[in-house]
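Step one of this worksheet: look at the structure below.
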Amino acid sequence: MKYDVAIIGAGPGGLSAAVYAARGGLKTVVFEKGVVGGQIVLTAEVENYPGFAESLSGFELIDKMKKQVEKFKAEIKEEEVKAIGLEGLCKIIETSSGTYRAKSVILATGAHPRKLNVPGEEKYTGRGVSYCATCDGALYRDKIVAVVGGGDSAVEEAMFLTRFAKKVYLIHRRDQLRAVKILQERAFKNNKIEIIWDTVIQGIDGGEQLEKLHLYNRKTEEFKTLKIDGLFVYVGIIPNNELIESRIDLNEHGFIITDEEMHTNIPGIYAAGDIVDKPLRQVVTAAGEGATAAFSAEKWIQEHIDKF
Ligand code: NAP
């Protein structure tokens, strides 16, 4: 089976590329190894995607995008892509279930949460340590939790957790948050949130369940123990680049370098979404990149149509 466009990853970037490619008349397939939607389905409330003044959940937004993809008859295959090879200009996609050929590929493999890498983290994952407030927040009704990190995710999720927990500590390694101002202001105003500045977590401890954190203040050089019931880790994201690491140009953090048409260094291979080297990681930017990648792929296919 030969496709015009094979999209790897069904997050907002991949689904948006699929809408544009399929609506543009290209034979389109989307491969997804996990859950359709990527990281955004773990977000309880999306309030900055244009067109939805009433905020909606990440899951609801993705459901709408998926329906749109299906309307334009792009195929979504729940198969893990194991390798991408080249045969002239044609791309050979090996998945867990078979081999596919496509004229162009759009990489939208996204990113996953970075771990803290401190003692106890692995042991207490699922026993008090979580990477998803939307999934696990409700377990901490009237309990005390901590969020580690200072970016948009940490601040947003700390706020979300105040719906359940009676107290939310936000532990940040510096004396200034990285999150955008509007989120910072909301956090400062929220009397359930207490920010612990200049502090790193050195260990996660307890019995069967997480009970306490061992903290170190980098300014005062003091050590302290903090009793909590749950820890939510939001210390950034790591690009899912295993598939392409050796051939596609990446920046020093492993994100794909593209030009403004979302073209990578390999002819006919494009990228979109969180995997891309860019200043703003949002659903709206992923959607824009997906649209651009699909448009560019279509143009590139037309220019090389006699070579496939
Ligand atoms: P991020 O912006 O990279 O922030 C990561 C935070 O974790 C930083 O505050 C960093 O501290 C801290 N950190 C990193 N490694 C650490 C470690 N080992 N120990 C303790 N702290 C550590 O990541 P993010 O918040 O996950 O956001 C990822 C991207 O998604 C960003 O581009 C963000 O803007 C976007 N996003 C947007 C929204 C929204 O607009 N609604 C929501 C979520 C995410 P330093 O500040 O000291 O570096």
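These values consider heavy atoms only, across backbone and side chains, with no hydrogens, waters or symmetry-generated copies. Atoms within a ligand are numbered from 1 in the order they appear, just like the ligands themselves.
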Among all protein heavy atoms, pick the one closest to [atom] and tell me residue, atom and distance.
{"atom": "atom 48 (O) of ligand 1", "result": "Arg178 NH2, 2.6 Å"}
{"atom": "atom 21 (N) of ligand 1", "result": "Val235 CG1, 3.5 Å"}
{"atom": "atom 23 (O) of ligand 1", "result": "Gly236 CA, 3.3 Å"}
{"atom": "atom 34 (O) of ligand 1", "result": "Asp152 OD2, 2.7 Å"}
{"atom": "atom 43 (C) of ligand 1", "result": "Ser153 OG, 3.2 Å"}

Quiz item: Would Glu208 and Arg127 pass as an ion pair if we require N to O under 4.0 Å?
Solution: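 Result for this pair is yes, salt bridge flagged.
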
Exercise. Please determine if Glu289 and Lys278 form a salt bridge, counting it only when a charged side-chain N lies under 4.0 Å from a carboxylate O.
Key: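 Answer for the salt bridge query: yes.
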
Practice problem: Over 60° means perpendicular and under 30° means parallel, so classify the ring planes of Trp197 and His172, tilted if in between. | Solution: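 Rings of His172 and Trp197: perpendicular, as their planes differ by over 60°.
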
Quiz item: Angle class for the Tyr270/His263 ring planes (parallel below 30°, perpendicular above 60°, tilted otherwise)?
Solution: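 Rings of Tyr270 and His263: parallel, under 30°.
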
Exercise. Please say whether the positively charged group of Lys33, taken as NZ for Lys or CZ for Arg, lies over the ring of Phe31, i.e. under 6.0 angstrom from the six-membered ring centre and within 45 degrees of the axis.
Key: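 Negative - Lys33 is either too far from the ring of Phe31 or too far off its axis.
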
Quiz prompt | Lys/Arg cation over aromatic Tyr131: Arg114, 6.0 Å, 45° cone | solution =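 Output no; distance or angle outside limits.
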
Which one holds for [X] and ligand 1: side chain close, backbone close, both close, or neither close, with close meaning a heavy atom under 4.0 Å?
{"X": "His172", "result": "side chain"}
{"X": "Arg281", "result": "both"}
{"X": "Val200", "result": "neither"}

Quiz item: So between Glu157, Arg174, Arg173, whose heavy atom ends up nearest atom 13 (N) of ligand 1?
Solution: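 Selected option, by shortest heavy-atom distance: Arg173.
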
Quiz item: atom 41 (N) of ligand 1: which of Gln282, Glu156, Glu45, Gln176 has the nearest heavy atom?
Solution: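 The option holding the nearest heavy atom is Glu156.
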
Exercise. For ligand 1, find out whether one of its N or O atoms is nearer than 3.5 Å to an N or O atom of Gly151.
Key: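 Yes, since at least one N or O of Gly151 sits under 3.5 Å from an N or O of ligand 1.
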
At less than 4.0 angstrom from any non-hydrogen atom of [X], what atoms of ligand 1 do you find?
{"X": "Leu116", "answer": "19 (N)"}
{"X": "Asn48", "answer": "39 (C), 40 (O), 41 (N)"}
{"X": "Gly150", "answer": "6 (C), 7 (O), 8 (C), 9 (O)"}

Self-check item: Lys77 atom NZ, over 12 foreign heavy atoms within 6.0 Å
Solution: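 Enclosed: over 12 neighbouring heavy atoms sit under 6.0 Å from NZ of Lys77.
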
Quiz prompt | Lys66 and its side-chain contact (heavy atoms from CB on, under 4.5 Å) partner, picked from Lys64, Gln68, Glu70 | solution =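 Looking at Lys64, Gln68, Glu70, the match for Lys66 under the side-chain contact (heavy atoms from CB on, under 4.5 Å) is Glu70.
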
Quiz item: Testing Glu45, Glu47, Glu60 for side chain to side chain donor-acceptor pair (under 3.5 Å) with Ser55, which one passes?
Solution: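 In the set Glu45, Glu47, Glu60, the residue that makes a side chain to side chain donor-acceptor pair (under 3.5 Å) with Ser55 is Glu45.
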
